[in-house]
Amino acid sequence: MSSKESCRIELRTAIRQLSDRCLYSASKWAAEQLVGIEQDPAKFTPSNTRFQRGSSSIHRRFRTNEITSTPPTGVAYVSTPVMEEDEAIHGDFYLLAKSYFDCREYRRAAHVLRDQTGKKSVFLRCYSLYLAGEKRKEEEMIELEGPLGKSDAVNRELVSLERELATLCKNNTIDPFGLYLYGLVLKEKGNENLARKVLVESVNSYPWNWSAWSELQSLCTTVDILNGLNLSNHWMKEFFLASIYQELRMHNESLSKYENLQGMFTFSNYIQAQIAKARYSLREFEQVEVIFEDLLRNDPYRLEDMDTYSNVLYTKECFSALSYLAHRVIMTDKYRPESCCIIGNYYSLKGQHEKSVVYFRRALKLNKNYLSAWTLMGHEYVEMKNTPAAVDAYRRAVDINPRDYRAWYGLGQAYEMMGMPHYALHYFRKSVFFQPIDSRLWIAMAQCYESEQLHMLEEAIKCYKRAANCNDTEAIALHRLAILHRELDQPEEAAFYYKKDLERMEAEEREGPNIVEALMFLATHYKTQKKFEEAEVYCTRLLDYTGPERETAKSLLRGMRIAQSGFPSMDVEHFHP
């Protein structure tokens with residue numbers, strides 16, 4: 001049996017088991033990967049070929065070689081034994097409880113299963129109680145603080161659930177799904193070390209539950225913690241590593257993993273979306289746009305990750321494309337957090353910041369922990385000069401994800417606007433720690449060092465150098481490096497950066513005052529150094545301009561000719577009448 005066929009069998013079984021336990025998010029994820037496996041051409045029929053994208057640009061981009069049944073290097077496709085079902089619970093009570101659960105009547109579902117002892121029934125009863133507690137917690141938060149307010153409301157079921165699940169774990173009468181729920185409860189209670197241990201045991205026993213992997217990922221905040229996990233070798237581990245590498249800002253490693261997984265899951269929309277997100281973090285916007293366009297052609301009603309696509313269109317100022325995307329998501333599902341963020345981005349690009357905030361707030365009413373909405377809303381408040389509201393929004397974002405560099409950067413901007421550069425510098429440092437490849441963050445920190453209160457020009461130079469090495473697309477760093485070295489009376493260094501800046505502007509066919517400034521400095525510098533030939537080149541270029549720099553260039557050229565003829569400039573004055 002080929003590795004692909006083995007994967008299909010595993011996933012089909014997992015989808016049934018996950019759905020039967022009401023873990024629908026994990027079931028959906030597994031189903032998407034199932035249809036992402038390349039089909040055997042001999043089994044194609046007209047009805048099952050809609051996911052085969054042989055003509056798509058992405059298919060061509062990432063499949064340079066023919067895919068064989070051999071797994072990609074480093075990925076283990078060893079089948080994990082499928083867990084046996086608990087036969088004692090396949091009765092009427094479980095079916096009734098599952099029906100109540102599907103209707104979001106969680107306490108009724110738990111009540112029906114109160115006397116059932118099978119592992120499957122115990123899991124569904126405990127899971128129902130957990131979700132009932134979460135639902136009541138959300139209600140209390142709205143009642144006490146409003147939909148976006150902070151609250152001390154807690155899930156009141158956690159204590160009893162922790163006690164019961166700990167007992168089951170101790171007596172070894174708990175299944176991998178119960179371990180997943182136990183890890184979830186421990187995480188909510190703040191016992192992260194034990195939660196990690198329990199979740200590792202869960203995914204090692206039953207690796208197809210993506211929800212368990214996702215919870216484990218949220219507890220791995222450093223590379224050291226990740227390396228300390230004792231994970232079994234299974235192909236699901238590769239999905240986990242690819243995802244967590246992205247979270248830990250190891251974008252190239254993440255890309256490598258996902259492109260490796262595409263050898264098996266050739267048509268997985270999930271993998272393509274993750275590749276797009278990784279390339280977005282690397283600021284490869286052109287490639288990201290192509291990938292998302294392909295995704296929408298093949299899955300036109302997709303909303304997951306489309307907010308990232310809208311960020312790309314916003315950055316590139318693609319008004320018509322962003323307008324089309326906003327209209328599209330409204331027609332698909334207007335009241336999804338992703339839809340609201342996309343519409344918010346659209347109004348922000350139009351300069352309607354108040355309206356943009358309305359949609360970001362709507363997204364947060366639908367999902368209070370929606371990280372992008374808090375960050376983007378902070379950006380809008382900065383545009384509106386409402387710094388206290390911006391600071392609050394950014395702080396809420398870092399509370400949700402302390403590794404979100406955009407929120408830290410936003411806090412730095414807000415405090416810089418309030419004239420508090422020391423605080424701003426602290427937050428800029430946090431942002432570059434989490435995203436050291438983004439030139440904008442280094443430039444922001446350099447400008448903070450340049451402020452009147454700090455005036456730490458040597459530190460500013462170090463930051464600008466880092467920015468220049470991080471593909472400074474806005475061409476700010478080289479020019480500022482030249483100016484700072486000139487101010488510090490370091491003409492050789494200033495000339496070096498003026499020259500590099502000039503070369504870059506010429507390559508990009510840029511025009512503007514920076515070119516004149518660079519030519520003037522280089523002409524004067526090389527004249528002073530008595531490198532007349534080089535100075536003459538820059539002076540000659542200045543003659544093409546019509547401003548005062550033309551007259552300055554003429555004067556420099558006259559001075560150099562006099563110097564080269566052997567007459568001191570002061571002697572020339574004696575010949576004037």
Side-chain angles (χ1 to χ4, degrees), residues 18-28 93-116 119-169 174 177-192 194-195 198-199 202 209 211-212 214-215 218-219 333 335-337 340 361-371 373-374 392 395-397 399-401:
L18 292 163
S19 296
D20 202 28
R21 286 166 177 81
C22 303
L23 294 170
Y24 298 120
S25 179
S27 175
K28 182 182 86 167
F93 286 111
Y94 188 83
L95 291 174
L96 176 60
K98 188 175 183 302
S99 299
Y100 284 148
F101 184 100
D102 291 346
C103 293
R104 295 173 57 86
E105 298 182 61
Y106 303 126
R107 293 200 182 277
R108 289 186 81 184
H111 180 74
V112 167
L113 296 173
R114 65 192 182 282
D115 297 323
Q116 303 297 309
K119 291 178 182 177
K120 192 171 171 185
S121 290
V122 168
F123 168 76
L124 186 57
R125 176 174 57 79
C126 291
Y127 191 41
S128 297
L129 287 172
Y130 171 79
L131 290 180
E134 286 294 298
K135 187 179 178 183
R136 182 58 196 143
K137 182 179 80 171
E138 290 292 325
E139 291 168 352
E140 288 181 4
M141 290 168 71
I142 292 172
E143 290 163 3
L144 295 172
E145 300 292 339
L148 301 184
K150 293 183 179 180
S151 172
D152 295 328
V154 295
N155 185 336
R156 300 183 188 278
E157 302 294 334
L158 293 180
V159 174
S160 59
L161 283 172
E162 183 184 15
R163 189 184 308 118
E164 180 177 356
L165 293 168
T167 303
L168 292 172
C169 193
I174 193 169
F177 298 101
L179 287 169
Y180 156 63
L181 181 58
Y182 185 29
L184 193 57
V185 169
L186 289 167
K187 177 192 164 189
E188 292 288 325
K189 293 274 289 178
N191 192 346
E192 294 188 357
L194 184 55
V198 169
L199 287 168
S202 174
N209 182 4
S211 294
S214 298
E215 293 299 332
S218 69
L219 293 167
D333 189 346
Y335 294 103
R336 275 275 294 269
C340 294
R361 291 181 68 85
R362 185 175 293 175
L364 291 165
K365 287 178 182 177
L366 295 165
N367 180 359
K368 196 174 183 178
N369 293 322
Y370 193 35
L371 179 64
W374 283 115
D392 182 61
R395 288 198 184 281
R396 297 291 289 274
D399 286 344
I400 295 167
N401 183 2

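Arg21 places a side-chain heavy atom less than 4.5 Å from the side chain of Phe123. At a threshold of 4.5 Å between non-hydrogen side-chain atoms, the residues Val185 and Glu188 do not count as touching. Side-chain contact between Tyr370 and Ile400 is absent, with no heavy-atom pair separated by less than 4.5 Å. Counting only heavy atoms from C-beta outward, the side chains of Ser25 and Lys28 never approach each other to under 4.5 Å. For the pair Leu199/Tyr180, a side-chain contact is recorded, criterion being any heavy-atom separation below 4.5 Å from C-beta on. For the pair Lys189/Glu162, a side-chain contact is recorded, criterion being any heavy-atom separation below 4.5 Å from C-beta on.
In this structure a side-chain-to-backbone donor-acceptor pair under 3.5 Å is missing from Asn155 to Lys137. In this structure a side-chain-to-backbone donor-acceptor pair under 3.5 Å is present from Ser99 to Leu95. Panel note: side chain Trp374, backbone Lys368; a donor-acceptor pair is recorded below 3.5 Å. Although no hydrogens or angles enter the test, the distance criterion places no donor-acceptor pair under 3.5 Å between the side chain of Ser202 and the main chain of Val198.
Here the CG atom belonging to Leu131 is positioned 9.5 Å from the SG atom belonging to Cys22, to the nearest 0.5 angstrom. Taking CG from Leu165 and OG from Ser160, the interatomic distance works out to 9.0 Å, rounded to the nearest 0.5 Å. Expressed to the nearest 0.5 Å, how far CZ of Arg156 lies from CG of Leu161 amounts to 14.5 Å. For the atom pair Cys126 SG and Leu184 CG, the distance stands at 12.0 Å (nearest 0.5 Å). Summarising the geometry, atom OG belonging to Ser121 is positioned 12.5 Å from atom NZ belonging to Lys98; distances are rounded to the nearest 0.5 Å. We find the CD-CD1 distance between Glu164 and Ile174 to be 9.0 Å, quoted to the nearest 0.5 Å.
Across all non-hydrogen atoms, the minimal contact from Ala363 to Pro337 is CB-O, 3.7 Å. Minimum heavy-atom separation, Ser128 to Ala109: OG-CB, 3.7 Å. Counting all heavy atoms, side chain and backbone alike, Phe93 lies closest to Val112 at O-CG1, 3.3 Å. Between Tyr182 and Ala166 the shortest heavy-atom distance is OH-CB, 3.4 Å. What you find for Leu371 and Ala397 is that their closest heavy atoms are CD1-O, 3.2 Å.
A side-chain N or O of His111 and one of Arg114 form a donor-acceptor pair less than 3.5 Å apart.
With respect to the salt-bridge test (charged N to carboxylate O, under 4.0 angstrom), the residues Glu138 and Lys135 do not qualify. The residues Glu140 and Arg136 are annotated as salt-bridged, a charged nitrogen and a carboxylate oxygen being separated by less than 4.0 angstrom. Using a cutoff of 4.0 Å between basic side-chain nitrogens and carboxylate oxygens, Asp399 and Arg395 are not scored as salt-bridged. Of the charged side-chain nitrogens involved, at least one lies within less than 4.0 Å of a carboxylate oxygen, so that Arg107 and Glu157 count as a salt-bridged pair.
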(request) Would you please test Glu215 and Lys187 for side-chain contact (heavy atoms from CB on, under 4.5 Å) and show each step? (result) CA-CA 8 Å; Glu215 293 299 332; Lys187 177 192 164 189; 2.8 Å; yes
(message) Under the criterion side-chain contact (heavy atoms from CB on, under 4.5 Å), I'd like the reasoning laid out for Leu364 against Arg361: C-alpha separation, chi angles, the key distance, then a yes or no.
(response) CA-CA 5 Å; Leu364 291 165; Arg361 291 181 68 85; 5.5 Å; no
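Tyr127 has its ring centre no less than 6.0 Å from the ring centre of Phe177.
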